[in-house]
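Okay, structure first, notes after.
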Amino acid sequence: QVVFALNQTLLQQESLRAGSLQSPYTTEDLIKHYSCGDLSSIIFNSDTSQVPNFINATLPAHELIIAQEIDSYFRQELIYKRNERMGRRVKDLLEEYPDKSFFFAFGAGHFMGNNTVIDVLRREGYEVEHTPAGHAI
């Protein structure tokens, strides 16, 4: 699986450099949508928006199975479990110190796709609001 993932990543990077593959969104798109609090945008709705996409219809059946296994592993381990841990840490601090004020900062990856840190906190009953750039907290 590791060799397959490395080969697919290299093939994708070579295709991007050659211009035969386009990224579905630019860094500027990510910054714009993140800054505007537009977390429901199409680029943020995909579970796999944070990890390489190895699933390709042109792969042979045995490689397609490997690609699906890797995709599932990445989604579970690198996205869902990570965001669950981060959300629990925030919740634990808020509960342990109810009279304190906190400021939490996360990278954009914690807000992309499904099962984000915000989703974890909302499931725990917290209300989470976006503060646009330039607005006082």
message = Taking side-chain contact (heavy atoms from CB on, under 4.5 Å) as the definition, give me every residue that meets it alongside H62, ordered by chain and number, with sequence neighbours left out.
response = P60
remark   = side-chain contact (heavy atoms from CB on, under 4.5 Å) filter on Q76, not counting sequence neighbours, yields Y80, K81
ask   = Can you name the side-chain contact (heavy atoms from CB on, under 4.5 Å) partners of S72, sequence neighbours left out?
value = none
query = With R88, which residues qualify under salt bridge (Lys or Arg N to Asp or Glu O under 4.0 Å), at least two apart?
reply = E84
By side-chain contact (heavy atoms from CB on, under 4.5 Å) - contacts of Y97 (at least two apart) = L93, K100, F102
ask   = Which atom pair, heavy atoms only, marks the closest approach of T116 to N83?
value = CA-ND2, 3.6 Å
Residues, nucleotides or ligands: over 12 heavy atoms within 6.0 Å of F104 CZ = yes
Joint cluster assignment, M86 & V120, ILVMFWY side-chain distance < 4.5 Å = no
inquiry  = If the condition is salt bridge (Lys or Arg N to Asp or Glu O under 4.0 Å), which residues does E95 pass it with, not counting sequence neighbours?
reply    = K91
key: Those residues that, when tested against E69, pass side-chain hydrogen bond (donor to acceptor under 3.5 Å, both in side chains) (two or more places apart)   = Q1
Stepwise side chain to side chain contact (heavy atoms under 4.5 Å, CB included) test for F106 and I118 = CA-CA 11 Å; F106 298 95; I118 291 172; over 6 Å; no
request  = For the pair D92 (side chain) and R89 (backbone), establish whether a donor and an acceptor sit closer than 3.5 Å, ignoring hydrogens and angles.
outcome  = no
query = For the residue pair N115 and D119, what are the closest heavy atoms and their distance?
reply = N-OD2, 3.0 Å
note = Hits for ring pair (Phe, Tyr, Trp, His ring centres under 6.0 Å) against Y126, two or more places apart or cross-chain, chain-then-number order -> none
ask   = Does R122 reach the main-chain N or O of V128 with its side chain, forming a donor-acceptor pair under 3.5 Å?
value = yes
